[in-house]
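To start, the structure itself, in structure tokens.
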Amino acid sequence: MNVKEGKLEEMSPLYAYEEGMPWNPVEKIIMERRSIRGFRSDPLPDAMIERILEAGRFAPSAGNMQPWRFIVVKSREMLAEMEKDAVKVIKFFMFFMDYTKGNFLRRIVAKIYAKIFIRFLPNELQPVPFGLMSQIAQGQTPVFHNAPTLLLLVEDRRGVSCPPMDIGICGQNIVLAAHSLGAGSCWIGLIKVLMYLPKWRKKFGIKYPYRLEVCIALGWQKPKADGMVPRETQIVEWYDKGLNDAPQMKKQGE
Amino acid sequence: MKIKYSIFDRFRIPAYDKSSQMQTGDLIFDPEKCNGCGTCVQICPGGCLLTETTTKVDILSGKAKGGKYGVPHVVQMKKGATLCIACFDCGTACPRGAISIKHNFNPGYHFKRLTQTSDMRYPKRG
Ligand SMILES: Cc1cc2nc3c(=O)[nH]c(=O)nc-3n(C[C@H](O)[C@H](O)[C@H](O)COP(=O)(O)O)c2cc1C
Ligand code: SF4
Ligand code: SF4
């Protein structure tokens, strides 16, 4: 289930559907895109980054407001400093909150108030980011995966309805375009921790109406890691009879 | 659809390190196929894979050399939970197809997943 170099499978043409046909190129990219966390040290060529950004510029957005601002960070010095500072902030928070590590006393005491914090910030401190931050604080994994380029997606909070949705759509256009060109990418929400430091808010001009909550790491995959994975099946409700009939429950993916 | 999410679930935060309150991902490594190259260890988002001789940071920093690190395993915390989210990014990167998922990630109580089943399937062509 791996896309290795030189292996070209049969693909269906675009704009056609037949039951059970092989994936078309767009579907193939969607299914085989993986978050890439190992990169070559040389960045993508600037022209290629510009081409990838075009996919973002042409994303749909509520009211066609395009509530985004793009920042490309290629400076090695800056990337190193961002990594250092993000680790610092995460270490600070985890010093108080990480009840999964350390001695017995620490685990008991920290757990009491960690659970209170989790109640107030259930999304930021959900088990997955919590575990990731714990590992980062222990020096077990980096924040930005040593990517040679970070693409910051800055949100203009004055967008129509729900601008974070527009940011997500715009970013996923960028990600899919990047993978279709043979590059690799990884969404990184943890860039948020840099916003606790006035230094980075100032540097990137993040004040009202702007907000920075996510960035995309971009570069050449090393190792090549795109490929299909299994995912949980979903129960889907199909309302396909009368107004008062119960929906059909179908298992999606089976 | 009957969604099973009680008031008790809603207000109870699970202990993140306890396997009795959280189902975390777990993998099976086929020792016949694995050549100990360490690719999966390097690629795991949280650094939750180890071998006897190396860790993710060792590989990233170049401290680990040689590419013969032994068969990896998923690290378990004291109370049994792992940090594996069953993303299977390690599985696609593995050049030998040596990894498979034992069970998926499904945190407990407040965070439990409601319409996903634990059956994991590859994309299906309808
Ligand atoms: C909004 C968003 C934020 C994310 N933040 C991070 C992050 O901070 N660090 C990281 O390693 N991966 C991050 N990811 C990647 C997810 O972990 C990844 O998409 C998920 O595990 C599924 O794996 P796949 O992308 O290979 O299918 C993020 C993904 C999204 C959509
Ligand atoms: S499935 Fe994902 S989280 Fe689990 S060990 Fe593999 S790469 Fe790491
Ligand atoms: S990537 Fe595959 S072959 Fe290499 S160490 Fe991991 S399981 Fe073994």
Side-chain angles (χ1 to χ4, degrees), chain A residues 1-4 12 19-23 27 30-32 34-38 99-101 107 111 114-116 118-119 122 125-128 130-132 134-136 138-142 145-146 186 221 223-237 247 249 251-254, chain B residues 1 11-18 22 24 37 39-40 42-48 50 55-57 59-60 75 77-79 81-95 97 100-101 104-108 110-111 113-126:
Chain A
M1 282 292 177
N2 209 325
V3 228
K4 295 293 170 197
S12 295
E19 201 175 325
M21 70 182 191
W23 304 114
E27 293 175 305
I30 293 174
M31 300 301 181
E32 292 184 350
R34 296 279 66 81
S35 288
I36 299 303
R37 300 184 181 87
Y99 65 87
T100 66
K101 302 269 158 63
R107 296 216 304 274
K111 193 171 184 168
K115 286 208 175 179
I116 297 171
I118 293 168
R119 251 171 244 283
L125 298 176
Q126 196 262 7
V128 174
F130 191 96
L132 181 57
S134 163
Q135 290 289 88
I136 290 168
Q138 306 278 320
Q140 300 293 323
T141 187
H145 311 298
N146 304 324
C186 184
Q221 304 187 15
K224 289 212 171 195
D226 269 349
M228 285 186 201
V229 294
R231 286 279 186 262
E232 287 83 352
T233 57
Q234 295 270 346
I235 308 290
V236 180
E237 292 148 89
M249 299 296 175
K251 213 166 163 185
Q252 178 71 30
E254 193 167 56
Chain B
M1 186 180 340
F11 289 103
R12 179 143 190 214
I13 303 290
Y16 289 180
D17 51 351
K18 262 194 190 164
M22 301 256 307
T24 50
C37 68
T39 303
C40 55
Q42 183 203 325
I43 212 134
C44 173
C48 70
L50 287 185
T55 64
K56 174 167 174 164
V57 270
I59 296 176
L60 288 181
V75 186
M77 285 181 273
K78 281 201 179 72
K79 293 186 173 163
T82 69
L83 290 166
C84 174
I85 57 174
C87 64
F88 209 54
D89 289 349
C90 53
T92 55
C94 172
S100 47
I101 296 190
N104 72 333
F105 176 84
N106 191 356
H110 181 86
F111 298 105
R113 296 162 85 177
L114 301 171
T115 63
Q116 297 89 340
T117 76
S118 341
D119 298 337
M120 300 192 71
R121 296 292 157 87
Y122 280 95
K124 184 189 151 198
R125 295 197 289 238

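In this text, all values refer to a predicted model and were calculated from it rather than measured experimentally. Naming: A, B, ... by sequence-line order, numbering from 1 per chain.
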Q: Go through B/Arg121 and A/Glu254 one step at a time and tell me if the salt bridge (Lys or Arg N to Asp or Glu O under 4.0 Å) criterion holds.
A: CA-CA 7 Å; B/Arg121 296 292 157 87; A/Glu254 193 167 56; 3.4 Å; yes
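- Among all heavy-atom pairs drawn from B/Met1 and A/Ile235, the shortest one is CE-O, 3.8 Å.
- At a 4.5 Å heavy-atom cutoff, the contact between B/Met77 and chain A is made by side-chain atoms alone.
- Summarising the geometry of B/Cys87 relative to A/Arg231, their closest heavy-atom pair is O-NH1, 3.0 Å, with the distance given to 0.1 Å.
- Using a 4.5 Å cut-off between heavy atoms, B/Phe111 touches chain A through its side chain atoms alone.
- Residue B/Ile13 touches chain A through both its backbone and its side chain, counting heavy-atom pairs closer than 4.5 Å.
- Heavy atoms closer than 4.5 Å to chain A are found nowhere in B/Ala81, neither backbone nor side chain.
- Residues A/Lys251 and B/Asp119 have side chains in contact (heavy-atom distance under 4.5 Å, counting atoms from C-beta outward).
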Q.
The test is side-chain contact (heavy atoms from CB on, under 4.5 Å); show your working for B/Lys56 and A/Gln135 and say whether it passes.
A. CA-CA 11 Å; B/Lys56 174 167 174 164; A/Gln135 290 289 88; over 6 Å; no
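- Here the closest heavy-atom approach between residue B/Gln42 and residue A/Pro223 is recorded as NE2-CD, 4.0 Å.
- Heavy-atom distances place the side chain of B/Leu60, and not its backbone, under 4.5 Å from chain A.
- Only the side chain of A/Leu132 comes within contact range of chain B, with at least one heavy atom under 4.5 Å from a heavy atom of that chain.
- For a residue to count as touching a neighbouring chain, one of its non-hydrogen atoms must lie under 4.5 Å from one of that chain's; by this rule A/Pro247 does not touch chain B.
- In this structure, the portion of B/Thr39 lying under 4.5 Å from any heavy atom of chain A is its side chain and not its backbone.
- Per-residue heavy-atom pair counts under 4.5 Å with chain A were compared for B/Ile43, B/Ile101, B/Asp89, and the maximum is reached by B/Asp89.
- Atom CD of A/Gln252 has 12 or fewer neighbouring heavy atoms from other residues, nucleotides or ligands inside a 6.0 Å radius.
- The greatest number of non-hydrogen atom pairs below 4.5 Å with chain A, out of B/Ser118, B/Ala86, B/Pro107, B/Ala15, is found for B/Ala15.
- Taking A/Val236, A/Asn146, A/Ile118 one by one and counting their heavy-atom pairs under 4.5 Å with chain B, the maximum is reached by A/Ile118.
- Of all heavy-atom pairs between B/Tyr16 and A/Thr100, the closest is CB-CG2, 4.4 Å.
- In this structure, B/Leu83 CG and A/Gln140 CD are separated by 9.5 Å, a value rounded to the nearest 0.5 Å.
- We find the CZ-SG distance between A/Arg37 and B/Cys90 to be 10.5 Å, quoted to the nearest 0.5 Å.
- Nearest approach of A/Pro122 to B/His110, heavy atoms of both residues: CB-NE2, 4.1 Å.
- Ranking A/Met31, A/Gln126, A/Glu19 against chain B, the residue ahead of the rest is A/Gln126, based on heavy-atom pairs under 4.5 Å.
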Q.
Let's go through A/Arg119 and B/Phe11 carefully: what are the C-alpha distance in whole Å and the side-chain angles of both, what is the deciding distance for side-chain contact (heavy atoms from CB on, under 4.5 Å) to 0.1 Å, and is it a yes or a no?
A. CA-CA 9 Å; A/Arg119 251 171 244 283; B/Phe11 289 103; 4.3 Å; yes
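- One N or O on the side chain of B/Thr92 and one on the backbone of A/Ala225 form a donor-acceptor pair closer than 3.5 Å.
- Considering every non-hydrogen atom in both B/Pro123 and A/Met228, the closest pair reads CG-SD, 3.8 Å.
- With chain B as partner, the option from A/Pro22, A/Ser134, A/Cys186 having the largest number of non-hydrogen pairs under 4.5 angstrom is A/Pro22.
- For a residue to count as touching a neighbouring chain, one of its non-hydrogen atoms must lie under 4.5 Å from one of that chain's; by this rule B/Pro45 touches chain A with backbone and side chain alike.
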